[in-house]
Amino acid sequence: MSMSRIARRGLAGLVPALLGARGAAAHHGWDWAQGEQTTLTGTIREVYIGQPHPMLRVETVSDGVWVVELGNPSQTARSGFTAASARAGEQVTALGNRSRAQGERRMKAVRITVRERSYDIYPERIRTTRSS
């Protein structure tokens, strides 16, 4: 096999890897979220603990169902939050950063409170408690 053919094959594999890394960074970072933090209160409709992020589906009285993303599974567990911490039908209050995308009902939670217990998912990011 010629060197140019080896180089082309190497680049062909490298480009998707780089694009995938860029997409992962965009999903896992905070660029998609607003800088200001707000609270969201509602009824848990689903609890998911798994990859890439544990999340809750939360139904609000006035604004429908929201996806509330938590940290990665290890970080979420370090906060004390597990699959047994919340169930569908329970009330939750989430403090976090809403999506920048107009109309998208998604939030990255820095703290959630269920059954009068708070779980600080991102304690270093907790700033404000403005309600929405």
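- Residues T41 and V92 fail the side-chain proximity criterion, which asks for heavy atoms closer than 4.5 Å.
- Between the E90 side chain and the R87 main chain, a donor and an acceptor come within less than 3.5 Å of each other.
- Taking each heavy atom of G71 and P54 in turn, the nearest pair found is O-CD, 2.8 Å.
- Here the CZ-CD1 distance, from F81 to I49, works out to 5.0 Å after rounding to the nearest 0.5 Å.
- In summary, of the residues considered (L56, D120, T93), a side-chain contact (heavy atoms from CB on, under 4.5 Å) with I112 occurs for L56 alone.
- Here the side chain of R100 pairs a donor or acceptor atom with the backbone of D31 at under 3.5 angstrom.
- A distance of 4.5 Å separates CZ of R45 from CD of E59, quoted to the nearest 0.5 Å.
- A cation-pi geometry, defined here as NZ or CZ lying under 6.0 Å from the six-membered ring centre and within 45° of its normal, holds between R106 and W32.
- From R111, atom CZ reaches atom OG of S79 across 11.0 Å, with rounding to the nearest 0.5 Å.
- Counting only heavy atoms from C-beta outward, the side chains of R57 and Y48 never approach each other to under 4.5 Å.
- Here the closest non-hydrogen pair linking G80 and R117 is CA-NH2, 4.1 Å.
- Taken to the nearest 0.5 Å, the CD atom of Q37 stands 4.5 Å off from the CZ atom of R127.
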Query raised in the report: Going through the distances and angles, do I121 and V110 end up as a side chain to side chain contact (heavy atoms under 4.5 Å, CB included)?
Result: CA-CA 5 Å; I121 309 296; V110 296; 5.8 Å; no
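- With hydrogens and angles ignored, the 3.5 Å screen pairs a side-chain donor or acceptor of R105 with a backbone N or O of D63.
- Considering all non-hydrogen atoms of both residues, P73 and P52 come closest at CD-O, 3.6 Å.
- Between the N72 side chain and the S74 main chain, a donor and an acceptor come within less than 3.5 Å of each other.
- Side chain of K108 to main chain of L70: a donor-acceptor pair is present (N/O by atom type, distance under 3.5 Å, no hydrogens or angles).
- M55 and V114 fall into different hydrophobic clusters, where Ile, Leu, Val, Met, Phe, Trp and Tyr are joined by side-chain heavy atoms under 4.5 Å apart, directly or via other members.
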Query - From CA spacing to verdict: side chain to side chain contact (heavy atoms under 4.5 Å, CB included), V68, L40 - result: CA-CA 9 Å; V68 178; L40 178 77; 3.8 Å; yes
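- A distance of 4.5 Å separates CD of Q75 from OH of Y122, quoted to the nearest 0.5 Å.
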Report task. I would like to know whether T43 and Q91 meet side chain to side chain donor-acceptor pair (under 3.5 Å); could you show each step before the answer? Result -> CA-CA 5 Å; T43 303; Q91 291 294 298; 2.7 Å; yes
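- Under the 3.5 Å distance criterion, the side-chain polar atoms of T113 are left unmatched by any main-chain donor or acceptor of E116.
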